[in-house]
Undergrad: 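This structure is in C-alpha cells; I'll ask about it shortly.
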Amino acid sequence: MALSQALRSSVLRSAIPLACSPVCRRVSASAAPYFTAQSHCPRTSAFVPSLSAFRPKAQRAQQSASFATQAVKKGDKLPADVEIQTLAEDGNKVRVTLGEITKGKKVVLVGVPGAYTPVCSSSHIPGFVEKVKEFSDKGIDYVGVIANNDIFVMREWGKTMGCEGANIKMISDGNTELSKALGVTVDMTSRTMGVRTRRFAMYVDDGEVKAVSVEEDEAGGADSDEKTNANWILQNI
C-alpha cells in the first residue's frame with residue numbers, strides 16, 4: 001500500500017510541471033471544455049487529463065448535436081456552394097457543388113439515413129424508381145438520392161435499387177456537410193450509426209425549395225417514410 005501511494009505521488013509530481021509548461025497550458029485551454037474544474041494544476045489552473053473528468057455522456061451527445069440548425073423550409077434557397085460527390089456519365093465519381101446540379105433545373109431531392117438500410121431499400125427508394133416516369137411527366141429533370149455513405153457505396157446501392165439508367169442520381173454527402181446546412185441531421189449513435197441524414201423529400205426549382213417534408217420522429221425517419229415517400233412529393237409538385 002505504501003509503495004502504491006508513493007508511486008502515485010511521484011506520478012503526480014511529474015505531471016504537474018508538465019501541465020504547467022507553456023505548450024500544455026495552450027493545449028489545456030483548448031481542451032478545457034472536456035475536463036472538470038477539479039482536474040487542474042493548483043499553481044497555474046492548467047488542466048491535467050483525467051479519465052474520470054470527462055463530461056457525462058448526455059452532455060457530450062448534446063454538444064455533438066449542436067451544429068443542427070432549423071430544418072429547411074418552403075421558400076428557402078439551397079446552399080449552392082456546398083460540395084458533394086456524385087457520378088459522372090462514365091460511372092466515375094465527380095465532386096460538384098449543389099448549385100451546379102440544381103441551377104436552372106427542376107429536381108426532387110430525397111435524403112435517407114443510409115444505403116442498404118431496411119426502409120430505404122424496401123420501400124422509400126423503390127417508390128421513386130417505380131414512379132420515375134411520373135416525375136419526368138411533371139417536368140422533373142432528375143431525382144437525387146442523398147446519404148452520407150461514400151459515393152462508391154451509393155453507386156453499388158443505386159445499381160441494386162434499379163436507379164442506374166432511371167434518371168435517378170446518387171449523391172454522397174460523406175461528411176454530412178449538406179445535411180448540416182439543410183438542418184436535417186439526426187444523431188443515431190444509439191444505433192451505432194453516428195450522425196446521419198434525416199429522411200426528407202423536397203421539390204426544388206432553380207435552387208429554390210418549392211415543397212419539402214422531413215421525418216421529424218426521434219429516429220430521423222429510419223423506421224418510416226410516411227411523410228417523405230414518392231406519392232407525397234408527386235402531390236406537391
Side-chain angles (χ1 to χ4, degrees), residues 33 57-86 95-103 105-115 117 119-120 124-125 127-128 140 142-151 153-154 168-230 232-237:
K57 181 179 179 181
Q59 289 183 333
R60 296 200 306 273
Q62 183 178 12
Q63 184 179 41
S64 69
S66 63
F67 55 70
T69 59
Q70 183 179 359
V72 62
K73 62 185 182 301
K74 182 179 179 179
D76 285 350
K77 284 286 189 179
L78 293 182
D81 58 344
V82 174
E83 286 192 343
I84 49 180
Q85 286 189 335
T86 186
R95 184 180 292 274
V96 295
T97 64
L98 187 60
E100 289 174 329
I101 64 171
T102 58
K103 184 177 181 180
K105 297 182 182 296
K106 293 182 178 181
V107 303
V108 168
L109 298 179
V110 184
V112 298
T117 52
V119 174
C120 304
H124 199 198
I125 301 310
F128 285 91
I140 298 300
Y142 67 84
V143 174
V145 179
I146 303 168
N148 70 330
N149 300 95
D150 66 72
I151 192 58
V153 169
M154 293 297 287
I168 297 180
K169 188 186 297 289
M170 308 306 288
I171 298 171
S172 168
D173 183 25
N175 295 324
T176 63
E177 291 175 0
L178 173 57
S179 302
K180 292 173 186 176
L182 294 175
V184 291
T185 54
V186 57
D187 188 346
M188 300 180 70
T189 52
S190 63
R191 300 189 181 203
T192 68
M193 295 173 70
V195 175
R196 294 285 180 135
T197 301
R198 186 177 290 273
R199 195 181 304 282
F200 70 86
M202 68 172 72
Y203 163 46
V204 179
D205 187 353
D206 193 25
E208 181 179 337
V209 179
K210 296 295 186 180
V212 59
S213 182
V214 181
E215 301 287 352
E216 297 178 346
D217 59 284
E218 186 177 345
D223 304 320
S224 172
D225 62 349
E226 181 181 354
K227 299 178 181 179
T228 55
N229 57 45
W232 182 90
I233 202 76
L234 278 169
Q235 293 169 6
N236 287 273
I237 294 177

Undergrad: Can you find a heavy atom in the side chain of Val186 that is under 4.5 Å from one in the side chain of Thr197?
TA: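 No, every pair of side-chain atoms sits at 4.5 Å or beyond.
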Undergrad: Enter the distance from Asn175:CG to Asp150:CG here, rounded to the nearest 0.5 Å.
TA: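 Atom-to-atom, Asn175:CG and Asp150:CG are 11.0 Å apart.
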Undergrad: Side-chain contact, heavy-atom cut-off 4.5 Å: Thr97 with Lys103?
TA: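 In short, these two side chains do not touch, never coming nearer than 4.5 Å.
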Undergrad: Once you round to the nearest 0.5 Å, how far does CE of Met202 lie from CD1 of Ile233?
TA: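 These two atoms lie 8.5 Å from each other.
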Undergrad: Nearest heavy-atom pair of Val107 and Ile101: which atoms, and what distance?
TA: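 So the two residues come closest at CG1-O, 4.3 Å.
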Undergrad: Has Glu215 got a side-chain atom pairing as donor or acceptor with Glu226's backbone, closer than 3.5 angstrom?
TA: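 Here the side-chain-to-backbone pair exists.
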Undergrad: Could you give the side-chain donor-acceptor pairs of residues 71-84 under 3.5 Å, partners two or more places apart or in another chain?
TA:
{"residue": "Lys73", "atom": "NZ", "partner": "Asp76", "partner atom": "OD1", "Å": "3.3"}
{"residue": "Asp76", "atom": "OD2", "partner": "Lys73", "partner atom": "N", "Å": "2.9"}
{"residue": "Glu83", "atom": "OE1", "partner": "Arg95", "partner atom": "NH1", "Å": "3.4"}

Undergrad: Between Thr102 and Asp206, is there a side-chain heavy-atom distance shorter than 4.5 Å?
TA: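 No, their side chains stay 4.5 Å or more apart.
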Undergrad: Hey, are the side chains of Arg199 and Asp225 touching, using non-hydrogen atoms and a 4.5 Å cut-off?
TA: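 Arg199 reaches Asp225 side chain to side chain.
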Undergrad: Hey, what do you get for CE (Met170) to OG1 (Thr86), rounding to the nearest 0.5 Å?
TA: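 If we round to the nearest 0.5 Å, Met170:CE and Thr86:OG1 are 9.0 Å apart.
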Undergrad: Of all heavy-atom pairs between Thr228 and Ser213, which one has the smallest distance, and what is that distance?
TA: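 The answer is CG2-O, 3.3 Å.
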Undergrad: Does some side-chain heavy atom of Val108 sit less than 4.5 Å from a side-chain heavy atom of Tyr142?
TA: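 Side chain of Tyr142 against side chain of Val108, heavy atoms only: no contact under 4.5 Å found.
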Undergrad: Could you pull out the closest heavy-atom pair between Cys120 and Pro113, with the gap in Å?
TA: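 Answer, listing the atom of Cys120 first, then Pro113: SG-CD, 3.6 Å.
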Undergrad: Using side chain to side chain contact (heavy atoms under 4.5 Å, CB included), reason through Val112 and Ile146 one step at a time and then give a plain yes or no.
TA: CA-CA 6 Å; Val112 298; Ile146 303 168; over 6 Å; no
Undergrad: Between Asn236 and Ala211, what is the shortest heavy-atom contact and its length?
TA: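 Closest heavy-atom pair between Asn236 and Ala211: O-CB, 3.6 Å.
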Undergrad: Minimum heavy-atom separation for Gly144 and Ile171, please, with both atom names.
TA: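 For Gly144 and Ile171, the tightest heavy-atom pair comes out as CA-CD1, 4.1 Å.
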Undergrad: Can you confirm whether Thr185 sits close enough to Arg198 that some side-chain heavy atom of one is under 4.5 Å from a side-chain heavy atom of the other?
TA: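 Heavy-atom side-chain distance check fails, nothing below 4.5 Å.
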Undergrad: At their closest point, which heavy atom of Ala115 faces which heavy atom of Met154, and how far apart are they?
TA: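 What the structure gives for the nearest pair is CB-SD, 4.3 Å.
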Undergrad: Less than 4.5 Å apart, side chain to side chain, heavy atoms only: is that true for Val209 and Tyr203?
TA: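 The answer is no, as the side chains (C-beta and beyond) never meet within the 4.5 Å cut-off.
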Undergrad: Not counting sequence neighbours, which residues clear ring-ring contact (aromatic ring centres under 6.0 Å, His included) with Phe128? List them please.
TA: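 Here the qualifying residues are His124, Phe135.
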Undergrad: Going by atom types alone, do Asn148 and Thr176 pair a side-chain donor with an acceptor below 3.5 Å?
TA: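 No, no side-chain donor-acceptor pair sits under 3.5 Å.
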Undergrad: Please round to the nearest 0.5 Å and tell me the distance separating atom CG of Asp173 and atom CD of Gln85.
TA: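 Going from CG on Asp173 over to CD on Gln85, the span is 10.5 Å.
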Undergrad: Answer yes or no: are there more than 12 heavy-atom neighbours, outside Glu208 itself, under 6.0 Å from its atom CD?
TA: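 Yes - once you tally the heavy atoms of other residues, nucleotides and ligands closer than 6.0 Å, there are more than 12.
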